[in-house]
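Scroll down for the structure; my scribbles are underneath it.
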There are 2 protein chains.
Amino acid sequence: MAGSARKTDTRTQQAYQTLKGLIMDNALKPSASYLETELAEMLGMSRTPVREATLQLESEGFLSIRPRHGITILPISIEDMQDIYDLLTELEPYAAEKVARDGLSEHGHTLLMSHVSAMDAALQANDLIAWAYADEAFHMDLVRLAGNARLSKIVSTFWGQVHRARMATLTLRPKPVRSNEDHRRLVSFVQSGDWQAARNLHREHRKNAKTMLVDLITHHNLNHL
Amino acid sequence: MAGSARKTDTRTQQAYQTLKGLIMDNALKPSASYLETELAEMLGMSRTPVREATLQLESEGFLSIRPRHGITILPISIEDMQDIYDLLTELEPYAAEKVARDGLSEHGHTLLMSHVSAMDAALQANDLIAWAYADEAFHMDLVRLAGNARLSKIVSTFWGQVHRARMATLTLRPKPVRSNEDHRRLVSFVQSGDWQAARNLHREHRKNAKTMLVDLITHHNLNHL
DNA sequence: CCGTAATTTAATGCATACATTAATTAATGC
DNA sequence: GCATTAATTAATGTATGCATTAAATTACGG
């Protein structure tokens, strides 16, 4: 599952986690609309925490609240994908550069390599879903290692927004072997402190991802996932 | 004023606009704490819309809600400034590149140049506050012209967060004459479609801004504005 | 006199009731 | 029969009250 409802304290947080999870897992369908009351009933709580959660999710781009038209799960269009990947293509390479400059800790190296191994294993087992999650974990942890909380939040939100599209195209794309080569090389550049190589490689890596996804979506007529 | 409360419909939006304005204008002091009830009374409404507004403002980094410790206006530290400017140094040059690549419309050119003129006039009149607002408008409009709504939102939030620091250091910095030279050159690069020059110039422009601000804050011992 | 536990206090989390207002339906006139 | 307007409906916006729980205070024991 994508954002499996973690054990949180308040109902607002529960609602946030659960709804986000349902949206990312495609259980709440894009373009579908719901009323506050429906969602509240669905989650077994009153409207208040649901409202607070949906307001949050709206500002993060997962849904749209139109006062008398209900709460609509936002589909992701090609334009959205392009906009998001364009920004990730700026932000993730910056993160790679930063980590390379500041130095990769032992712990950081272990963390990243564990994801690389997980991806290798997943590919071996032909488990594309496992691969996708390990890929996501790798990219997010690299960004987190850059130590800029605002950056982490933004990148995390964007990965959340494209999650459905990534999962939907998983079986349509070629096996991501080359991708994992990039990851290994990236870690080595980062570890050796070669920030320019790290930045450039990661930039190309992201550009490739964008091109591939946009082409896939175009050719398979998958607009509005 | 910074975020002068525009005429909005709902009380939640009113509360959001008003509080954001008060925070940016330094009327609600950084590090000060308030209770939901206090703010509600202050704004002449019940706790509900105040809660919704403060949740929003928290997720945008303007304040922090700690359940039994009140709502604290977040001060901005040097580390915050560095993190924010590092990201703006990636994002704004990208915007400049994008606009240069896609082409600057007649309207866009007029818009940007109007801000440049406003800055010139402000400098002539020694009105640093007017200059600061025109500078902000220039940078934000350039980003908007890139046509990536997510980018605009992020950059706007960041400028909001550093607003207090910029205003506080306004009289401490040298007169920003060179800055406006940059703006003129940038517009000309963008208009001529020279995206590499536009990107590079804007990148340097942002780097300089970062260095200057961070140095000022350090030397004047202005941590936690 | 100090530290721990029980009690009190009060702020938030949440539910609910009500007010408001937009959408829908009905009604009226042309 | 159609269009315009009034009446109705229902969903959201907001206020409020209660429950919960953390902080503060007091009381008690060592």
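These numbers were taken from a predicted model, which means no experiment stands behind them. Reminder, nothing fancy here: chain letters follow the sequence lines and each chain counts from 1.
- Taking atom NE2 on His69(A) and atom P on dT12(D), their separation rounds to 11 Å, with Å as the unit.
- Listed for the Asp127(B) side chain is a donor-acceptor partner under 3.5 Å among the backbone atoms of Ile129(B).
- With hydrogens and angles ignored, no donor-acceptor pair under 3.5 angstrom links the side chain of Arg68(B) to the base of dA23(D).
- At a threshold of 4.0 angstrom between heavy atoms, the contacts of Arg11(A) are confined to the sugar-phosphate backbone, with no base atom among them.
- For the atom pair Ile76(B) CD1 and His163(B) NE2, the distance stands at 11.5 Å (nearest 0.5 Å).
- Put simply, CZ on Arg47(B) is 10 Å from P on dA11(C), counting in whole angstrom units.
- Under 3.5 Å, the side chains of His183(A) and His205(A) contain a donor-acceptor pair of N or O atoms.
- Dashed line: the shortest gap from a side-chain N or O of Thr12(A) to OP1 or OP2 of dC14(C) is under 4.0 Å.
- Between the P atom of dA15(D) and the CD atom of Glu52(B) lies a distance of 10 Å, rounded to the nearest Å.
- Counting to the nearest Å, the P atom of dT12(C) and the OH atom of Tyr34(B) are 14 Å from each other.
- Note: CD (Glu36(A)) to P (dA15(C)) measures 13 Å, nearest angstrom.
- Contact between the side-chain N/O atoms of Ser46(B) and the OP1/OP2 oxygens of dA15(D) is found at a separation under 4.0 Å.
- Separating the CG atom of Leu55(B) from the P atom of dC14(C) is a distance of 11 Å, rounded to the nearest angstrom.
- By the 6.0 Å contact criterion, CD on Glu38(A) is enclosed, its count of non-hydrogen atoms from other residues, nucleotides or ligands being greater than 12.
- When both distances must be under 3.5 Å, the Watson-Crick or G-U wobble mate of dC30(C) is dG1(D).
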Could you go through Asp86(B) and Lys210(B), starting from their C-alpha distance and side-chain angles, then the distance that decides it, and tell me whether this counts as side chain to side chain contact (heavy atoms under 4.5 Å, CB included)?
CA-CA 8 Å; Asp86(B) 280 347; Lys210(B) 177 191 173 186; 2.7 Å; yes
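- For Thr10(A), the listed nucleotide lying nearest its side chain is dC14(C); candidates were dA15(C), dT14(D), dC14(C).
- Arg66(B) has its CZ atom 17 Å from the C1' atom of dT21(D), to the nearest Å.
- The nearest whole Å value for the distance from the CG atom in Leu35(A) to the P atom in dT21(C) is 20 Å.
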